[in-house]
Number of protein chains: 2
Amino acid sequence: MSPKKSIDEADARARILAAAAEVFASVGFGGARIDDIAERAGINKAMLYYHVGDKERLYATVLINTVERGLASLTEATQKAKTPSDKLRCILEAFGELGASNPHLIPIMLREVASGGATLPDEMLIRMAGVFRTVQEVLLQGVKEGVFRPTDPLLTHVSLVGCMMFLVASRPIRARLGKIAGVETQHSLRDLAEHTANLFLKGLEVEQPKKRGKK
Amino acid sequence: MSPKKSIDEADARARILAAAAEVFASVGFGGARIDDIAERAGINKAMLYYHVGDKERLYATVLINTVERGLASLTEATQKAKTPSDKLRCILEAFGELGASNPHLIPIMLREVASGGATLPDEMLIRMAGVFRTVQEVLLQGVKEGVFRPTDPLLTHVSLVGCMMFLVASRPIRARLGKIAGVETQHSLRDLAEHTANLFLKGLEVEQPKKRGKK
DNA sequence: GTCTATATACCGATAGAC
DNA sequence: GTCTATCGGTATATAGAC
């Protein structure tokens with residue numbers, strides 16, 4: 001805010017948040033060590049407290065900050081496409097890119113889901129609700145245009161997001177699993193987004209009315 | 001093993017593992033406190049170490065023990081149905097029941113995915129590979145019978161499992177989300193399994209060859 | 001087998017010098 | 001704004017009496 005806040009200070013804060021996101025993502029809130037985060041950020045522990053406050057505040061800040069950088073791209077994605085199907089594809093792709101450019105958000109959110117959202121601030125829920133509304137509109141538009149069958153919008157949205165997040169985050173485990181089962185596991189983010197899009201678009205498609213046929 | 005191992009001892013061990021599963025599921029490995037687990041198990045902390053060993057060993061034991069109780073039902077589910085579609089439905093339903101009868105497995109696995117499987121023992125991977133092989137066979141059978149389109153079996157399997165686990169675990173967050181967005185969020189496990197099954201079965205269906213049409 | 005008491009280490013947070 | 005030193009609390013793990 002103030003012009004007194006130097007570039008270095010903003011940089012220090014950014015480095016702290018980046019390091020914290022990394023640690024929270026890999027070991028969770030309980031497993032994270034402030035000393036570890038400070039060291040990775042290349043900053044003194046006392047300075048970390050000076051800049052962002054205590055551990056809980058640090059976590060909330062990381063959460064908001066991390067999601068803020070990516071959410072715009074999602075709503076934006078729905079606008080550069082016309083048909084509901086294309087919009088859904090764009091959302092999935094934007095989601096893949098969000099996971100790529102911001103690799104710590106997904107593990108953090110998976111942990112939040114695992115804990116039932118115990119440490120998920122309302123501020124975050126409001127942003128998630130915004131994303132849901134965007135997806136919901138696309139789904140409703142698709143139903144109105146007769147290309148999507150009607151489904152529970154919340155369940156469909158959560159399935160979509162959850163499936164994509166799970167696929168992205170499970171890459172290391174898929175690699176080990178594929179090694180045991182003897183199948184290929186090297187998939188790009190684009191592969192994952194495309195697989196998910198194909199699955200869900202076909203899954204949402206209306207039944208093609210057959211010209212004839214008993215069903 | 002030995003007849004000297006009393007019922008009480010087995011009971012104590014079971015109580016420890018149950019309490020540990022609960023705590024690990026809700027706060028993760030790093031957030032779990034041995035004192036907390038011992039107290040919930042109604043046992044002295046020193047006895048906990050006596051029975052199962054240190055924290056890491058306790059975690060691994062919980063993991064194997066928790067999954068062992070549920071995996072049989074999954075492979076069993078594929079045998080009480082004939083067609084690939086019905087088998088897939090049965091798998092999803094068995095998965096829902098697994099989540100219900102064993103509510104701590106899903107959060108624990110979500111955390112494992114979040115950490116890239118950092119603490120996931122090989123013993124667990126082998127069991128997961130067994131489930132994958134079962135699903136893979138169903139998918140391949142479906143393709144051979146001409147009811148499923150060919151997909152990457154590992155991605156489809158992970159999508160299926162991930163989607164279902166995410167839906168089940170996200171219930172508390174869905175409730176908060178639905179409150180903000182003003183939509184209904186009360187879904188039974190059966191609702192979730194059915195929604196997922198409908199989505200995936202339609203998503204895997206072969207294209208109905210149209211009699212005419214430009215595409 | 002059971003429990004108390006404690007060793008040992010670590011972690012979050014801050015006081016205070018510069 | 002920056003860093004050292006440290007306080008106070010708590011965690012895992014075990015020793016040892018019974």
Side-chain angles (χ1 to χ4, degrees), chain A residues 1-63 65 108 111 115 118-119 121, chain B residues 1-63 65 108 111 115 118-119 121:
Chain A
M1 302 292 187
S2 154
K4 272 283 153 42
K5 292 219 170 182
S6 68
I7 297 170
D8 281 355
E9 185 180 338
D11 184 59
R13 195 184 150 88
R15 285 208 318 277
I16 292 169
L17 293 181
E22 192 180 326
V23 174
F24 284 136
S26 72
V27 295
F29 181 85
R33 300 291 97 113
I34 296 288
D35 295 80
D36 184 22
I37 293 170
E39 193 182 353
R40 285 180 197 233
I43 204 173
N44 189 277
K45 181 169 62 164
M47 284 310 294
L48 188 151
Y49 280 95
Y50 175 78
H51 279 299
V52 287
D54 68 5
K55 195 178 178 183
E56 280 190 27
R57 187 166 188 82
L58 173 61
Y59 182 75
T61 307
V62 165
L63 224 64
N65 186 269
I108 290 177
R111 286 180 199 279
S115 74
T119 51
Chain B
M1 303 288 188
S2 154
K4 272 285 150 49
K5 295 218 170 184
S6 68
I7 298 170
D8 281 354
E9 185 180 338
D11 184 58
R13 193 183 151 88
R15 284 208 317 278
I16 292 169
L17 294 181
E22 192 180 325
V23 174
F24 284 136
S26 70
V27 293
F29 181 85
R33 300 289 97 115
I34 297 288
D35 296 79
D36 184 24
I37 294 171
E39 191 183 353
R40 286 179 196 233
I43 203 172
N44 188 277
K45 181 169 62 165
M47 286 309 295
L48 188 151
Y49 281 95
Y50 175 80
H51 279 300
V52 287
D54 68 6
K55 194 179 178 183
E56 281 190 27
R57 187 167 189 83
L58 173 61
Y59 182 75
T61 307
V62 165
L63 224 63
N65 187 270
I108 289 177
R111 285 178 202 278
S115 75
T119 50

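The chains referred to below are lettered A, B, ... by the order of the sequence lines, with proteins before strands, and numbering in each begins at 1.
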Any side-chain N or O of B/Y49 under 4.0 Å from OP1/OP2 of D/dA13?
yes

From C/dC3, D/dT4, C/dA13, pick the nucleotide closest to the side chain of A/D54?
C/dA13

Whole angstroms only, please: what is the CG-P distance between B/D11 and C/dT2?
11 Å

Check: A/R111 side chain, A/S26 main-chain N or O, donor-acceptor pair, under 3.5 Å
yes

For atom OH of B/Y50 and atom P of D/dG16, their distance in whole Å:
18 Å

Find the distance B/N44:CG to C/dT2:P and express it as a whole number of Å.
10 Å

Nearest of C/dA13, C/dC3, D/dT12 to any side-chain atom of B/R33?
D/dT12

When the distance from CD1 of A/I34 to P of C/dA13 is rounded to whole Å, what number comes out?
6 Å

Distance check needed: C/dG12 P versus A/E39 CD, whole Å only.
13 Å

Would you say the side chain of B/I16 lies within less than 4.5 Å of the side chain of B/T61, judging by non-hydrogen atoms?
no

Parallel, tilted or perpendicular: ring planes of B/F24 versus B/F29, cut at 30 and 60 degrees
parallel

Name the one of B/D54, B/D35, B/D36 that satisfies salt bridge (charged side-chain N to carboxylate O under 4.0 Å, His left out) with B/K45?
B/D35

Identify whether any heavy atom of B/A32 sits under 4.0 Å from a base atom; if not, whether one sits that close to sugar-phosphate; answer base, sugar-phosphate or nothing.
sugar-phosphate

From CG of A/D35 across to P of D/dC3 the rounded distance in Å is 15 Å

Given atom NZ of A/K45 and atom P of D/dT2, what is their separation to the nearest angstrom?
17 Å

Let me know the distance between CG of A/L48 and P of D/dT2, rounded to the nearest Å.
12 Å

